[in-house]
Undergrad: 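Would you mind keeping the following structure in view while I ask a few things?
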Amino acid sequence: MAFVTEDNLSDLAVKRWATAHSPRLAELMTALVRHLHAYAREVRLTEEEWAAAVEWLTATGRISDDKRQEFILASDVLGLSTLVVQLNHRFSAKATPATVLGPFHIDGSPTAGFGADMSDDIPGAGVHHRPGPRPRRHALPDVVLDVWQADADSAYEAQLPEIDEARLRALYRTRADGTYCVRTIAPRGYAIPMDGPVGDLISRTDISHYRPAHVHFLIDHPGHEKLITHLFREGSAFLDTDVVFGTKDELIVRFTEEPAGSSPDGGTIDEPYLRAEFDFVLQPRATGEPRP
Ligand code: BEZ
Ligand code: FE
């Protein structure tokens, strides 16, 4: 074996990691070593900087638990999470684009009927209906829409340890004609958690730590690619500086002001409200086979 020099070290490390037992692991690890070594060489990484990076990674792990995932947040603000979504969900131009899941989705939300209010008595900046499309030729009945959002103070249920019941999240189902109707409070702009190592790093830059007003949707229908996406409120602040690179033109929706009176679910509503419409278009699965 050749002894180590500055010149041969990177090649030696790549060769060593190429012995991984699975070909994919070998591919992942050799590329990682190549890029890490190239990075250290490019910036001429100092020992102090390397130690600071290790400290930052340690703090990121320490602050993470089953409710808070600081590594995901780090991946989000570096644009890596969105890149991974882009690489793995190359839908047709007609399909609704996917975007990041984010750290605040909670499994097992309660079911809600057509037009049911998932905000209950939570104070918000107004009431907001999100009715589905007019019946369409390819409308899909019985599709579950898993919906979640932050409250008017920008807090998700997952960030409120004292909450022990579902809050601003619910499972809606499309009717026979493919329509759905969600009622909730208007979403607002949202600041990512800034009290951890990610916030510390961001605060040493000019990066805005805000996300534009949005509601999250997860639609998992057999025969179609799972769609994880958001809808963003047209005109909201931070649309073009979203700190996690999640905004897409196709996902920006107009919220129109409606007077009190008849409501989109066929009932009545006694105060003015906001209304938005969006047709989700799912990408058929390549094989045509439903997932197990
Ligand atoms: C969010 O869904 O609001 C979110 C996504 C990524 C990072 C932080 C927050
Ligand atoms: Fe969010």
Undergrad: Would you check if Leu227 and Gln283 make a side-chain contact, meaning some heavy-atom pair closer than 4.5 Å?
TA: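 Leu227 does not reach Gln283 side chain to side chain.
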
Undergrad: Decide yes or no for Leu160 and Glu157: does some side-chain heavy atom of the first lie under 4.5 Å from some side-chain heavy atom of the second?
TA: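 The answer is no, as the side chains (C-beta and beyond) never meet within the 4.5 Å cut-off.
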
Undergrad: CG of Leu231 to CD of Glu277: how many Å apart, nearest 0.5 Å?
TA: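 Reported value, rounded in 0.5 Å steps: 12.0 Å.
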
Undergrad: Among the clusters formed by ILVMFWY side chains lying less than 4.5 Å apart, do Val198 and Leu101 turn up in the same one?
TA: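 Looking at the clustering, Leu101 is in the same group as Val198.
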
Undergrad: Please name the residue in the list Thr241, Asp240, Leu239 that meets the side-chain contact (heavy atoms from CB on, under 4.5 Å) test with Thr247.
TA: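 It is Leu239, the one option of Thr241, Asp240, Leu239 that forms the side-chain contact (heavy atoms from CB on, under 4.5 Å) with Thr247.
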
Undergrad: Is it the case that atom OH in Tyr210 sees more than 12 heavy atoms from other parts of the structure closer than 6.0 Å?
TA: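 No - once you tally the heavy atoms of other residues, nucleotides and ligands closer than 6.0 Å, there are 12 at most.
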
Undergrad: Compare all side-chain heavy atoms of Leu36 with those of Leu32 and state whether any distance is below 4.5 angstrom.
TA: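 Of all side-chain heavy-atom pairs linking Leu32 with Leu36, at least one is under 4.5 Å.
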
Undergrad: Give the minimum heavy-atom separation between Gln159 and Pro193, together with the two atoms involved.
TA: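 So the two residues come closest at NE2-CG, 4.0 Å.
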
Undergrad: When rounded to the nearest 0.5 angstrom, what is the spacing between CE in Met194 and CG in Leu73?
TA: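 If I round to the nearest 0.5 Å, the distance is 9.5 Å.
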
Undergrad: Kindly say whether Leu171 contributes a backbone atom to a donor-acceptor pair with the side chain of Ser109 at under 3.5 angstrom?
TA: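 Here the side-chain-to-backbone pair does not exist.
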
Undergrad: Any side-chain heavy-atom pair from Phe255 and Pro187 closer than 4.5 angstrom?
TA: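 Side-chain contact under 4.5 Å: yes.
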
Undergrad: Decide whether Val215 and Val144 are clustered together by the hydrophobic rule: side chain heavy atoms of Ile, Leu, Val, Met, Phe, Trp, Tyr closer than 4.5 Å, transitively.
TA: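 No, it is not one cluster - the side chains of Val215 and Val144 are not joined through contacts under 4.5 Å.
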
Undergrad: Taking the inter-plane angle between the rings of Phe280 and Tyr180 on a 0 to 90° scale, is it parallel (under 30°), tilted (30 to 60°) or perpendicular (over 60°)?
TA: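 The arrangement is tilted - the two ring planes meet at 30° to 60°.
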
Undergrad: Check this for me: Glu55, atom CD, are more than 12 non-hydrogen atoms of other residues, nucleotides or ligands nearer than 6.0 Å?
TA: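 Result for CD/Glu55: open.
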
Undergrad: How far apart are the closest heavy atoms of His221 and Leu282, and which atoms are they?
TA: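 Of all heavy-atom pairs spanning His221 and Leu282, the closest is CB-CD1, 3.9 Å.
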
Undergrad: State, to 0.1 Å, how close Ser262 and Tyr273 come at their nearest heavy-atom pair, and which atoms those are.
TA: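 Nearest pair, atom of Ser262 first, then Tyr273: O-OH, 3.1 Å.
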
Undergrad: Report whether Ile228 and Phe278 are members of the same hydrophobic cluster (ILVMFWY, side-chain heavy atoms less than 4.5 Å apart, transitive linking).
TA: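 Unlinked, Ile228 and Phe278 end up in two clusters.
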
Undergrad: For the residue pair Arg41 and Ser10, confirm or rule out a side-chain donor-acceptor distance under 3.5 Å.
TA: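 Yes, a side-chain donor-acceptor pair sits under 3.5 Å.
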
Undergrad: Going from CZ on Arg254 to CG on Leu274, what distance comes out if it is rounded to the nearest 0.5 angstrom?
TA: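 Reported value, rounded in 0.5 Å steps: 13.0 Å.
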
Undergrad: Would you find a donor on one side and an acceptor on the other, under 3.5 Å apart, between the side chain of Ser236 and the backbone of Pro212?
TA: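 Answer holds: no.
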
Undergrad: Salt bridge check: are Asp200 and Arg204 linked by an N-O gap of less than 4.0 Å?
TA: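 The answer is yes: the pair qualifies as a salt bridge.
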
Undergrad: Given 3.5 Å as the limit, does a donor-acceptor pair link the side chain of Thr174 with the main chain of Val143, or not?
TA: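 Side chain of Thr174 to backbone of Val143: a pair is present.
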
Undergrad: Would you confirm whether Thr58, through its side chain, and Val54, through its main-chain N or O, come within 3.5 Å as a donor-acceptor pair?
TA: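 Present.
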
Undergrad: Which heavy atom of His230 sits nearest to which heavy atom of Arg211, and what is that distance?
TA: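 The pair with the smallest heavy-atom distance is NE2-NH1, 2.9 Å.
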
Undergrad: Where is the tightest heavy-atom contact between Arg169 and Pro110, given as atom of each residue plus distance?
TA: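 Heavy atoms only, the tightest pair is O-CD, 3.9 Å.
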
Undergrad: Just by modelled atom types, is the Arg175 backbone N or O under 3.5 Å from a matching donor or acceptor in the Thr179 side chain?
TA: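 It does not hold such a pair.
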
Undergrad: Could you give the distance from CD1 (Ile207) to CG (Leu201), rounded to the nearest 0.5 Å?
TA: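 Nearest 0.5 Å value for the CD1-CG distance: 8.0 Å.
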
Undergrad: If you compare all heavy atoms of Arg167 against all heavy atoms of Ala155, which two are closest, and at what distance to 0.1 Å?
TA: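 Smallest interatomic distance, heavy atoms only, reads NH1-O, 4.1 Å.
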
Undergrad: Are Ile106 and Trp148 close enough, and set up right, to give a side chain to side chain contact (heavy atoms under 4.5 Å, CB included), and what steps lead you there?
TA: CA-CA 8 Å; Ile106 298 179; Trp148 71 104; over 6 Å; no

Undergrad: Can you confirm whether Phe71 sits close enough to Leu57 that some side-chain heavy atom of one is under 4.5 Å from a side-chain heavy atom of the other?
TA: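 Side chain of Phe71 against side chain of Leu57, heavy atoms only: contact under 4.5 Å found.
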
Undergrad: Once rounded to the nearest 0.5 Å, what's the spacing between atom CG of Leu168 and atom OG1 of Thr184?
TA: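 The distance works out to 5.0 Å.
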
Undergrad: Going through the distances and angles, do Val14 and His37 end up as a side chain to side chain contact (heavy atoms under 4.5 Å, CB included)?
TA: CA-CA 10 Å; Val14 167; His37 282 235; over 6 Å; no

Undergrad: Look at the side-chain heavy atoms of Ile, Leu, Val, Met, Phe, Trp and Tyr, link any pair under 4.5 Å apart, and say whether Phe217 and Met118 land in one connected group.
TA: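 Yes: a chain of side-chain contacts under 4.5 Å links Phe217 to Met118.
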
Undergrad: Verify side chain to side chain contact (heavy atoms under 4.5 Å, CB included) between Leu145 and Val182, making sure each step is shown before the conclusion.
TA: CA-CA 9 Å; Leu145 292 92; Val182 174; 5.8 Å; no

Undergrad: We want to know whether His214 and Asp242 form a side-chain donor-acceptor pair, criterion being a heavy-atom distance below 3.5 angstrom.
TA: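 No.
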
Undergrad: Is it true that Thr5 and Asp7 share a donor-acceptor pair across their side chains at a distance under 3.5 Å?
TA: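 Note: Asp7 and Thr5 side chains miss the donor-acceptor criterion.
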
Undergrad: Once rounded to the nearest 0.5 Å, what's the spacing between atom CD1 of Ile72 and atom OG1 of Thr60?
TA: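 Between atom CD1 of Ile72 and atom OG1 of Thr60 there are 12.5 Å.
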
Undergrad: Taking the side chain from Thr96 and the backbone from Val281, do they hold a donor-acceptor pair closer than 3.5 Å?
TA: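 At least one qualifying donor-acceptor pair exists.
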
Undergrad: Looking at Pro97, is its backbone amide N or carbonyl O close enough to the side chain of Thr229 to form a donor-acceptor pair, meaning the two atoms are under 3.5 Å apart?
TA: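 Yes, the answer is positive, given that a donor and an acceptor are paired below the 3.5 Å cut-off.
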
Undergrad: Determine yes or no for a side-chain-to-main-chain donor-acceptor pair under 3.5 angstrom, with Trp56 supplying the side chain and Pro197 the backbone.
TA: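 Flag set: sc Trp56 to bb Pro197 pair under 3.5 Å.
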
Undergrad: Hey, quick one: are Val253 and Ile219 part of the same hydrophobic cluster, counting side-chain heavy atoms closer than 4.5 Å, chains of contacts allowed?
TA: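 Yes.
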
Undergrad: Donor-acceptor check, side chain of Thr82 to backbone of Gly79, threshold 3.5 angstrom: yes or no?
TA: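 Checked: no pair found.
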
Undergrad: Among His105, Gln149, His216, find the one that has a side chain to side chain donor-acceptor pair (under 3.5 Å) with Tyr156.
TA: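 Among the candidates, only His216 passes.
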
Undergrad: Taking Leu80's backbone N and O only, do any of them form a donor-acceptor pair with Ser75's side chain (distance below 3.5 Å, no angle check)?
TA: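 Checked: no pair found.
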
